[in-house]
Amino acid sequence: MAKANLDGNPITPLSICMIGGGGFIGSHLCEKLMSETSHIAIVVDVSSEKINHLLDKSLPWAKRIEFHHMNIKNDSRLETLVKASDLTINLAAICTPADYNTRPLDTIFSNFIDAIPVIKFCTENNKRLIHFSTCEVFGKTIGSFLPEEYRKEPQYYMLKEDVSPCIFGPVHKQRWSYACAKQMTDRLIYAEHAENGLKFTIVRPYNWIGPRMDFIPGVDGPSDGVPRVLACFSNNLLRGEPLKLVDGGRSQRTFLYVKDAIEAVLLMIDNPNRANGHIFNVGNPDNEVSVKQLAELMIKVYAKVADVPASSLSTLDVTSEDFYGKGYDDSDRRIPDMTIITKQLGWKPRTSLDELLDSTLQYQHQTYSHAIKKELSNPST
C-alpha cells in the first residue's frame, strides 16, 4: 500500500533534482530518500565523495539515484535536469564563516548569482523549488542592541520567519556577504512566487550537525582551511590541540541533529500543500549553549569516546581578528521560533545535545583518528 502524507493522500514517487546534493545535508537526505521512500534522486555536485556509499550498482535502489558531476556555473545541462524533475532542491552554497571574509566575491556569487538560473528554470518550467537558505539572513538580533539589563531575555533573540527584521553589520564587515546574498535569494524567490506563481519552500537551518559535516583540515579538506565550529573543535580534539574560543566563546547557538532535520525536509517534500509558500525555521531551541559550553561538552564526550583523560584537552581564547581576519563580525544569539513548522508539518526535534555530540564525535573519531595519527607521526620536513 502506498504511504500517505499528513493529509492522508498517497505519496506519489517524485523525480528530485538535488543541486549540491553531494554535500553534508544532501548525503543524509539521499540516504533517507533511498532507504525509506520511492523517490528518485538526480544528484548534481562537484564531488560524489559523501554519497559514494549510495552509488554502488548492486544496491537495491541503484535505479533510483544518479550522480551528475557538474559545476552549475554556466552549465547548459542544468536546465534539462530541472525540466526532467518534479521538484528541485537547491543545497549549493559556500557556507563556511572563514570564507565570508576571505572570499566574499565567491560567497556572493555562490549564494546569489548562481541561484538565479535555478530559480528561473523552476519558474519557467512550472517546477516546485525547495531552497536552502540560512538563519544567518536574520543577521544580528534586536537583543544585541539593547541595554545590558535586557540581554538575558530570550524574547529579544527569538527569530520569527514572518516578523523578525534582518539586521546586518556595516558593508566593510565582509562577514555579512553570505547573509546578504542569501537574503537577496530569498527575496528573489518570494518575488517570483508573487509575480509569476513559483511554487516554493524556503528552509532556514539553525546549525545542523552530525556525521559528514564539513571537513577535517589536511585529511579530507585543505590544510589551511577553517571549517565550521563543530568540525573545527573536532579537528583540535583529534590532534590533541586546545579548542580555540573566538572572543572567549560568548556567542550562543542552538544545535540540531541532522537526522532530525532530514525528517523535516522529507515532510516538506511529501506535503506540498502544507509546505508551498512557506519559509521554515528548522532548529532546536532546547539545544542552546554558548560556544564555550559547547567546547566543554565536546571535551567531556570526546574523552569518553577516544578513551583519553579530559585533563589532557583544553581551550584557548583567541580574538576574532586573529582567527578570521579583519572584517569579521558576529551575531550573539539566535533562537528559532518553531510555531510555523509545528503548525504546518507537525515537526519537532527529538535529539538532545548530549546524544547528538556523542553520535557525531564517535563518527569523527572512527573516521579520522587513524589518518591524523599517521599524519602526526610523519613530521614535516
Side-chain angles (χ1 to χ4, degrees), residues 23-25 27-28 49-50 95-99 205-261 284 287-320 322-325 328 330 351-380:
F24 162 57
I25 295 169
S27 69
H28 287 278
E49 197 179 323
K50 286 183 163 85
C95 53
T96 305
D99 290 324
Y206 284 70
N207 303 300
W208 297 4
I209 59 178
R212 296 194 294 277
M213 180 186 176
D214 265 7
F215 59 90
I216 295 297
V219 178
D220 59 355
S223 53
D224 57 348
V226 181
R228 284 168 288 182
V229 65
L230 186 115
C232 238
F233 284 171
S234 297
N235 184 44
N236 297 143
L237 290 166
L238 286 156
R239 293 172 190 276
E241 300 167 351
L243 280 60
K244 290 179 176 170
L245 302 179
V246 174
D247 295 335
R250 290 189 308 270
S251 294
Q252 285 178 253
R253 295 287 181 268
T254 61
F255 293 95
L256 174 68
Y257 192 38
V258 68
K259 295 201 186 295
D260 289 357
N284 189 341
N287 282 351
E288 190 189 20
V289 284
S290 70
V291 172
K292 184 178 174 34
Q293 287 168 317
L294 176 72
E296 288 161 355
L297 273 171
M298 286 179 70
I299 284 173
K300 196 172 97 185
V301 173
Y302 189 77
K304 187 180 72 181
V305 165
D307 195 23
V308 295
S311 57
S312 67
L313 306 164
S314 61
T315 61
L316 175 71
D317 286 5
V318 295
T319 69
S320 54
D322 283 345
F323 193 78
Y324 288 117
Y328 190 76
D330 206 1
T351 312
S352 72
L353 191 58
D354 285 343
E355 280 178 86
L356 72 87
L357 287 178
D358 194 64
S359 143
T360 306
L361 287 173
Q362 281 195 39
Y363 171 85
Q364 299 286 67
H365 183 67
Q366 284 162 9
T367 309
Y368 296 110
S369 60
H370 184 69
I372 283 178
K373 268 190 195 125
K374 203 167 150 191
E375 187 194 310
L376 293 175
S377 67
N378 290 332
S380 51

Distance from [X] atom [atom1] to [Y] atom [atom2], nearest 0.5 Å?
| X | Y | atom1 | atom2 | result |
| --- | --- | --- | --- | --- |
| D260 | S352 | CG | OG | 9.5 Å |
| I25 | K50 | CD1 | NZ | 11.0 Å |
| Q293 | Q252 | CD | CD | 7.0 Å |
| L357 | Q362 | CG | CD | 11.5 Å |
| L353 | T254 | CG | OG1 | 10.0 Å |

Would you indicate whether the side-chain heavy atoms of [Y] and [X] approach each other to under 4.5 Å?
| X | Y | result |
| --- | --- | --- |
| L243 | L316 | no |
| L294 | R253 | no |
| Y363 | R212 | yes |
| I372 | N235 | yes |
| L256 | I209 | no |
| T367 | I216 | no |

Write down the atom of [X], the atom of [Y], and the distance for their closest heavy-atom approach.
| X | Y | value |
| --- | --- | --- |
| D214 | R228 | OD2-N, 2.5 Å |
| T360 | G210 | OG1-CA, 3.3 Å |
| T351 | N284 | O-ND2, 3.5 Å |
| S223 | P217 | O-CB, 3.9 Å |

Query - Within residues 308-320 or reaching into it, pairs that qualify as salt bridge (charged side-chain N to carboxylate O under 4.0 Å, His left out) - sequence neighbours excluded - result: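 Applying salt bridge (charged side-chain N to carboxylate O under 4.0 Å, His left out) to every pair that reaches into residues 308-320, excluding sequence neighbours, yields nothing.
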
Requested in this report: Please indicate whether E49 has more than 12 foreign heavy atoms, meaning atoms of other residues, nucleotides or ligands, lying under 6.0 Å from its CD.
Outcome: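 Result for CD/E49: open.
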
Solution key, residues 301-313 side-chain donor-acceptor pairs under 3.5 Å, sequence neighbours excluded:
from	atom 1	to	atom 2	distance (Å)
Y302	OH	H365	ND1	3.1
K304	NZ	D358	OD1	3.4
S312	OG	P309	O	2.6

For [Y], does its backbone N or O pair with a side-chain atom of [X] as donor and acceptor, under 3.5 Å?
| X | Y | result |
| --- | --- | --- |
| S27 | F24 | yes |
| S377 | K374 | yes |
| S234 | L230 | yes |

Query raised in the report: Which pairs pass ring pair (Phe, Tyr, Trp, His ring centres under 6.0 Å) with one or both residues in residues 210-255, sequence neighbours excluded?
Result: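 Residue pairs with at least one partner in residues 210-255: there are none.
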
Query raised in the report: So among R250, K292, E296, which one has a side chain to side chain contact (heavy atoms under 4.5 Å, CB included) with L245?
Result: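 Going through the options one by one, the only one that passes is K292.
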
Query - Between N287 and Y257: side-chain donor-acceptor atoms closer than 3.5 Å - result: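 No.
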
